[in-house]
Undergrad: 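My structure is below; once you've seen it, I'll send some questions.
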Amino acid sequence: MSAIAELGDKLAQLTIAQAVELKDYLKEKYNIEPAAGGAVVMTGPAAGAAAAAPAAEPTEFNVILEPGFDTAKKIGIIKVVRELTGLGLAEAKAAVEGAPKAMKEGIDKKTAEDVKKKLEEAGAKVSIKPA
């Protein structure tokens with residue numbers, strides 16, 4: 001069996017808690033984050049056990065750019081959106097004009113607070129919601 005197949009088998013056997021721990025480790029150690037909208041689907045007994053567990057405090061958050069910002073500050077907000085998301089000028093402008101819009105998804109609370117602070121300093125209205 002190849003090393004990749006072995007690694008894949010080990011990843012598939014992770015519990016939800018272990019998957020979150022792995023995600024946090026990769027983010028802290030290597031600055032690797034899962035793609036926005038990506039999800040791990042658990043099947044079998046692990047999924048049933050996770051569903052029966054009591055609701056835990058959220059560990060992932062979405063940063064939402066809200067409408068109603070000062071239009072005089074729009075250019076500064078677009079610059080910060082480009083910096084945070086890596087979007088091109090046209091895409092960042094469309095995101096700002098299309099608010100409410102998620103700027104970052106599935107990130108930890110501290111990172112969400114940092115993103116919110118940067119956007120608010122540029123003049124944006126921002127909210128943080130559990131992912």
Side-chain angles (χ1 to χ4, degrees):
M1 181 180 276
S2 74
I4 298 299
E6 287 178 32
L7 179 60
D9 289 344
K10 287 180 182 179
L11 288 173
Q13 294 174 0
L14 291 178
T15 65
I16 298 290
Q18 290 170 324
V20 169
E21 187 178 333
L22 175 62
K23 177 196 72 79
D24 292 343
Y25 171 77
L26 291 174
K27 171 136 176 56
E28 289 174 21
K29 180 85 175 178
Y30 299 102
N31 200 24
I32 297 173
E33 288 189 63
V40 175
V41 177
M42 299 297 291
T43 60
E57 186 175 325
T59 58
E60 294 186 349
F61 298 87
N62 297 337
V63 179
I64 310 297
L65 178 66
E66 301 290 350
F69 55 85
D70 181 358
T71 56
K73 297 182 179 181
K74 182 174 162 183
I75 292 174
I77 296 169
I78 292 170
K79 286 181 181 179
V80 173
V81 167
R82 289 187 70 197
E83 173 190 326
L84 293 171
T85 63
L87 293 173
L89 180 59
E91 293 87 358
K93 181 177 182 268
V96 170
E97 291 173 347
K101 185 83 170 169
M103 292 293 104
K104 288 282 189 174
E105 296 179 315
I107 58 177
D108 63 81
K109 183 141 182 107
K110 183 182 178 338
T111 304
E113 293 290 344
D114 292 344
V115 169
K116 179 181 179 185
K117 181 180 176 188
K118 285 182 182 180
L119 287 165
E120 286 178 339
E121 287 174 352
K125 290 188 178 183
V126 183
S127 65
I128 298 176
K129 299 179 182 176

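This structure is a prediction, so every number in the text was calculated from the model and none was measured.
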Undergrad: State whether the number of non-hydrogen atoms from other residues, nucleotides or ligands found under 6.0 Å of E91 atom CD is greater than 12.
TA: yes
Undergrad: Could you report the tightest heavy-atom contact between A92 and R82, atom names first, then the distance?
TA: CB-CG, 3.2 Å
Undergrad: If you measure from CD1 on I75 to NZ on K73, what distance do you get to the nearest 0.5 Å?
TA: 13.5 Å
Undergrad: For Q13 versus Q18, what's the shortest heavy-atom pair and its separation?
TA: O-OE1, 4.3 Å
Undergrad: What pair of heavy atoms forms the shortest contact from D108 to F61, and how long is it?
TA: C-CD1, 4.1 Å
Undergrad: Between OG1 of T111 and CD1 of I128, what distance do you get to the nearest 0.5 Å?
TA: 10.0 Å
Undergrad: Judged by atom type as modelled, is there a donor-acceptor pair below 3.5 Å linking the side chain of N62 to the main-chain atoms of G106?
TA: yes
Undergrad: Would you indicate whether the side-chain heavy atoms of L84 and M103 approach each other to under 4.5 Å?
TA: no
Undergrad: A quick test of your reading: do over 12 heavy atoms of other residues, nucleotides or ligands sit less than 6.0 Å from CG of L22?
TA: yes
Undergrad: Transitively linked via ILVMFWY side-chain contacts under 4.5 Å: I64 with I78?
TA: no
Undergrad: Between L89 and I77, is there a shared hydrophobic cluster once you connect ILVMFWY residues whose side-chain heavy atoms come closer than 4.5 Å?
TA: yes
Undergrad: If I compare all heavy atoms of L87 with all of A95, which pair ends up nearest, and what's the gap?
TA: CD1-CB, 4.4 Å
Undergrad: Which pair of heavy atoms, one from E66 and one from P100, lies closest together, and at what distance?
TA: OE1-CB, 3.7 Å
Undergrad: Can you measure from CG (D24) to CD (E60) and round to the nearest 0.5 angstrom?
TA: 7.5 Å
Undergrad: Out of K116, K110, K118, which one pairs with D114 under the salt bridge (Lys or Arg N to Asp or Glu O under 4.0 Å) rule?
TA: K110
Undergrad: Quick check: closest heavy atoms across L65 and A99, and the distance to 0.1 Å?
TA: O-CB, 3.5 Å
